[in-house]
Amino acid sequence: SSSDDAYSYGGAIYVNDGSTITLKNNNSVTFNRNSASYGGGIYASASGTINLNNNGSVTFSGSSAGLRGGAIYTEGNLSIRNNDSVLFEKNGVITDGAYHLHSVYAGNYNSGREISLSAAAGKNIEFRDSIYIGSYATVGLNAD
């Protein structure tokens, strides 16, 4: 999906203040070729929460943002845990007419934010694109 608004949020999913989106127990979850100004695939506002847990494969591929967060833009909490495989590839931000690989942006607007990433036992989370973690974020990288 895409949006042509000057400032669009979440090409596929927009998580509003105080809301939670949970995708769990699916064979596969794929965000492919979504676009928006903020969060090509998913946007979560300051008190929003994104949970992608206990799925088979989770893939973010080919999504883009005009400003920040090719795959995901979050000012809230992000949990990607216990999936069989997670892949971020070919997601990016378009600035000054150039495409820069960039998958996740965790903004600086709210303290107490938590980014939790873990793979299921013997599995991987693979970032082929960069991530940006703001100065107030707490990041947990764990192998379960």
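Quick caveat: nothing in here was measured; it's all calculated off a predicted structure. In what follows, every heavy atom counts, from backbone to side chain, and hydrogens, waters and symmetry copies are set aside.
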Heavy atoms of Ala44 and Ile50 approach each other most closely as CB-CD1, 3.6 Å

Practice task
Give me the ring orientation class for Tyr9 and Tyr14: parallel if the planes are under 30° apart, tilted from 30 to 60°, perpendicular past 60°.
Solution key: perpendicular

| Can a donor-acceptor pair be found between the side chains of Asp129 and Asn91 at a distance below 3.5 Å? | yes

Side-chain touch Ile42/Phe60, heavy atoms, less than 4.5 angstrom: yes

Any luck finding a side-chain donor-acceptor pair between Asn55 and Asn83 under 3.5 Å? yes

Asn25 atom CG: more than 12 heavy-atom contacts under 6.0 Å: yes

### Message
With a 3.5 Å distance limit and no angle check, can you tell me whether Thr49 reaches the backbone of Leu78 through a side-chain donor-acceptor pair?
### Response
no

Exactly one of Tyr73, Tyr132, Phe127 clears side-chain contact (heavy atoms from CB on, under 4.5 Å) with Val104, and that residue is Phe127

Rounding to 0.5 Å, atoms CD1 (Ile72) and NE2 (His102) come to a distance of 11.5 Å

Using modelled atom types only, decide if a donor and an acceptor are shared between the side chain of Thr74 and the backbone of Gly76 within a distance under 3.5 Å.
yes

- Query: Can Ile131 be reached from Leu52 by stepping across I, L, V, M, F, W or Y side chains whose heavy atoms are under 4.5 Å apart?
  - Reply: yes

Chi angles and distances behind the side chain to side chain contact (heavy atoms under 4.5 Å, CB included) call for Glu89, Ser61: CA-CA 5 Å; Glu89 73 171 345; Ser61 179; 3.8 Å; yes

In one Ile/Leu/Val/Met/Phe/Trp/Tyr side-chain cluster, 4.5 Å: Val58, Ile125: yes

- Task: Report yes if the side chains of Ser85 and Lys123 come closer than 4.5 Å at any heavy-atom pair, otherwise no.
- Result: no

When rounded to the nearest 0.5 Å, the distance separating CG of Asn82 from OG of Ser116 is 8.5 Å

Ser64 and Tyr99 have their tightest heavy-atom pair at CB-CE1, 4.0 Å

Should Asn51 and Asn77 count as side-chain neighbours, where that means a heavy-atom distance under 4.5 Å? no

Rounded to the nearest 0.5 angstrom, the CZ-OG1 distance for Arg68 and Thr95 is 11.0 Å

Output for pair (Ser103 OG, Arg128 CZ), nearest 0.5 Å, gives 12.0 Å

Should Asp84 and Ser57 be marked as a side-chain hydrogen bond (donor to acceptor under 3.5 Å, both in side chains) after you check the CA-CA gap, both sets of side-chain angles, and the distance that decides it?
CA-CA 6 Å; Asp84 286 345; Ser57 65; over 6 Å; no

Would you say the side-chain atoms of Ser8 pair up with the backbone N or O of Ala36, donor to acceptor, closer than 3.5 Å? no

Nearest heavy-atom approach of Asn34 to Gly41 is CB-CA, 4.1 Å

Do the side chains of Ile115 and Ile21 join up, straight or via other hydrophobic residues, at under 4.5 Å, putting them in one cluster?
-> yes

Distance col, row Ser118:OG vs Ile80:CD1, nearest 0.5 angstrom, shows 9.5 Å

- Message: Are Tyr43 and Ile94 linked, directly or through intermediate hydrophobic residues, by side-chain heavy-atom contacts shorter than 4.5 Å (ILVMFWY only)?
- Response: no

Donor-acceptor contact below 3.5 Å, side chain Ser63 vs main chain Gly40: no

Correct closest heavy-atom pair for Ser37 and Ala65 would be O-CB, 3.5 Å

Margin query: Does any part of the side chain of Ile13, heavy atoms only, come nearer than 4.5 Å to the side chain of Phe31, both counted from C-beta?
Written below: yes

Task: Asn53 and Thr22 side chains, donor-acceptor separation under 3.5 Å - done: no

